[in-house]
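Just so it is clear, the values below take in all heavy atoms, side chains as well, and ignore hydrogens, waters and symmetry mates. Remember, it's 1-based here, ligands and their atoms both numbered in the order they're listed.
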Amino acid sequence: MKEVTINDKQKYLDENYPFGEVPKLTDEKCCIHCGNTITVGDYKVFIDDLDSELIFCPNAPECDGTVIDWLPVDYQKSR
Ligand SMILES: [Zn+2]
(Lines give C-alpha, C1' and ligand atoms only; values in the text may rest on other atoms or scores of the structure.)
Protein backbone atom coordinates (compact mmCIF):
# COMPACT_ATOMS: atom_id res chain seq x y z
CA MET A 1 0.00 0.00 0.00
CA LYS A 2 1.18 3.48 -0.76
CA GLU A 3 0.45 6.32 1.63
CA VAL A 4 -1.03 9.51 0.22
CA THR A 5 -0.26 12.80 1.92
CA ILE A 6 -3.36 14.88 2.54
CA ASN A 7 -2.83 18.58 3.03
CA ASP A 8 -6.37 19.64 3.88
CA LYS A 9 -7.78 16.80 5.92
CA GLN A 10 -11.22 18.32 6.55
CA LYS A 11 -11.73 19.05 2.85
CA TYR A 12 -10.61 15.56 1.89
CA LEU A 13 -12.97 14.05 4.43
CA ASP A 14 -15.86 16.21 3.19
CA GLU A 15 -15.30 14.98 -0.36
CA ASN A 16 -14.54 11.34 0.34
CA TYR A 17 -16.46 10.31 3.43
CA PRO A 18 -18.70 7.44 2.30
CA PHE A 19 -21.62 8.11 4.61
CA GLY A 20 -24.07 10.95 5.09
CA GLU A 21 -22.79 12.87 8.04
CA VAL A 22 -19.12 13.86 7.85
CA PRO A 23 -17.45 13.79 11.27
CA LYS A 24 -15.23 16.57 12.56
CA LEU A 25 -11.48 16.04 12.68
CA THR A 26 -11.71 16.30 16.46
CA ASP A 27 -14.36 13.57 16.76
CA GLU A 28 -13.42 10.26 18.29
CA LYS A 29 -14.43 6.90 16.87
CA CYS A 30 -13.87 3.29 17.80
CA CYS A 31 -12.05 1.24 15.18
CA ILE A 32 -13.46 -2.28 15.31
CA HIS A 33 -10.38 -3.76 13.63
CA CYS A 34 -7.77 -2.72 16.19
CA GLY A 35 -10.23 -1.96 19.00
CA ASN A 36 -8.69 1.43 19.68
CA THR A 37 -10.38 4.77 20.13
CA ILE A 38 -9.07 6.97 17.34
CA THR A 39 -9.29 10.66 16.55
CA VAL A 40 -10.82 11.19 13.11
CA GLY A 41 -8.24 13.84 12.16
CA ASP A 42 -5.44 11.30 12.56
CA TYR A 43 -6.73 9.24 9.65
CA LYS A 44 -4.36 8.11 6.93
CA VAL A 45 -4.99 7.64 3.23
CA PHE A 46 -3.53 4.72 1.32
CA ILE A 47 -3.84 3.41 -2.19
CA ASP A 48 -4.58 -0.29 -1.91
CA ASP A 49 -3.70 -3.17 -4.22
CA LEU A 50 -6.81 -2.51 -6.29
CA ASP A 51 -5.75 1.09 -6.90
CA SER A 52 -8.49 2.43 -4.68
CA GLU A 53 -7.77 5.41 -2.48
CA LEU A 54 -9.18 4.67 0.95
CA ILE A 55 -9.39 6.43 4.30
CA PHE A 56 -7.62 4.21 6.82
CA CYS A 57 -7.40 3.90 10.58
CA PRO A 58 -4.59 6.05 12.09
CA ASN A 59 -2.97 2.77 13.14
CA ALA A 60 -2.54 1.66 9.52
CA PRO A 61 -0.73 -0.14 8.05
CA GLU A 62 -0.61 -2.26 11.23
CA CYS A 63 -4.40 -2.02 11.34
CA ASP A 64 -6.31 -2.70 8.12
CA GLY A 65 -9.47 -0.96 9.27
CA THR A 66 -10.89 1.78 7.07
CA VAL A 67 -13.44 4.52 7.59
CA ILE A 68 -16.29 1.99 7.28
CA ASP A 69 -14.95 0.15 10.34
CA TRP A 70 -15.27 3.14 12.62
CA LEU A 71 -18.12 3.09 15.09
CA PRO A 72 -19.34 5.73 17.52
CA VAL A 73 -17.34 5.65 20.75
CA ASP A 74 -20.63 5.09 22.60
CA TYR A 75 -20.78 1.67 21.00
CA GLN A 76 -17.76 0.64 23.05
CA LYS A 77 -19.10 2.10 26.29
CA SER A 78 -22.47 0.40 26.00
CA ARG A 79 -21.00 -3.09 25.83
ZN1 LIG B 1 -7.79 0.38 13.58
TODO: List the steps, then state whether side-chain contact (heavy atoms from CB on, under 4.5 Å) holds for Asp27 with Thr39.
DONE: CA-CA 6 Å; Asp27 283 357; Thr39 302; over 6 Å; no

Open item on the list: Could you report the tightest heavy-atom contact between Lys24 and Val40, atom names first, then the distance?
Closed with: O-CB, 3.4 Å

Open item on the list: Run the side-chain contact (heavy atoms from CB on, under 4.5 Å) test on Asn59 and Cys34 for me, step by step, so that the C-alpha distance in whole Å, both residues' side-chain angles and the decisive distance to 0.1 Å come before the verdict.
Closed with: CA-CA 8 Å; Asn59 299 315; Cys34 61; 3.3 Å; yes

Task: Heavy-atom closest contact (Val22 atom, Asp14 atom, distance) - done: CG1-OD1, 3.4 Å

- [ ] Decide side-chain contact (heavy atoms from CB on, under 4.5 Å) for Phe19 and Ile68; before the verdict, give the C-alpha distance in whole Å, the side-chain angles of both, and the deciding distance to 0.1 Å.
- [x] CA-CA 9 Å; Phe19 307 117; Ile68 61 168; 3.6 Å; yes

TODO: Kindly indicate whether a cation-pi arrangement holds for Lys9 with Tyr43, taking the cut-offs as under 6.0 Å to the six-membered ring centre and within 45° of the axis.
DONE: yes

Open item on the list: Suppose the cut-off is 2.8 Å; how many protein N/O/S atoms fall inside it around the Zn ion (ligand 1)?
Closed with: 4

